[in-house]
Amino acid sequence: MITGLNHIAIAVPDLDKAIERFMNDFGQTFDHKEDVASAKTSTAFFPIDKTSIELVHPLNGEGPIQKYIEKKGGGMHHLCFESDNIEEDIARLKTKGYEFLSDEPYIGAHNCKVIFIHPKSCDGVLIELSQPMD
Ligand code: CO
């Protein structure tokens, strides 16, 4: 079952500059920075009352965020729904014809099990499902 909006992600060409903007210009509390090798991204999280803004930046100049930034320069990248049983949600959505970017969920940022739904299944919006493992 999907239990809430976990975060919204913005692809950024300069991670440190974007972190400073969200801290100093927008007054948000910086939680942590994390390299996610499985997704080839560097991420930074700003929790805001039960959700977060996630800044995503290419890790080592490669991966899907690198391609996104080359194409668009940066921008709204994905939204993430929290799930309490990701396998069940994947199976349920597959029976409805949803396509996923990977066959199985994998471990993403801060030890969550994650998978992405193909944007063509959701009117062009990239949607992540995430189940915290703690
Ligand atoms: Co995300």
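This chain uses plain numbering: 1 for the first residue, then up along the sequence. Note that this is a predicted model, so its numbers are computed, not measured. One-based numbering, in listed order, for ligands and for the atoms of each.
- If you put the vertex on the Co ion (ligand 1), NE2 of H78 and NE2 of H7 sit 100° apart, to the nearest 10°.
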Go through the steps for D14 and R21 under the test side chain to side chain contact (heavy atoms under 4.5 Å, CB included), then give the verdict. CA-CA 11 Å; D14 185 331; R21 179 186 308 123; over 6 Å; no

Could you please spell out the steps behind the side chain to side chain contact (heavy atoms under 4.5 Å, CB included) verdict for Q66 and K40? CA-CA 9 Å; Q66 179 64 31; K40 293 184 174 169; over 6 Å; no

Ring pair (Phe, Tyr, Trp, His ring centres under 6.0 Å) assessment of F116 paired with F100: CA-CA 6 Å; F116 286 88; F100 290 81; over 10 Å; no

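- A side-chain donor-acceptor contact under 3.5 Å links Q131 to the backbone of D84.
- Checked against the Co ion (ligand 1), the N, O or S atom of E128 at the shortest distance is OE1.
- Not a single N, O or S atom of C80, from either the backbone or the side chain, sits less than 2.8 Å from the Co ion (ligand 1).
- Of all N/O/S atoms in E54, OE1 sits nearest the Co ion (ligand 1).
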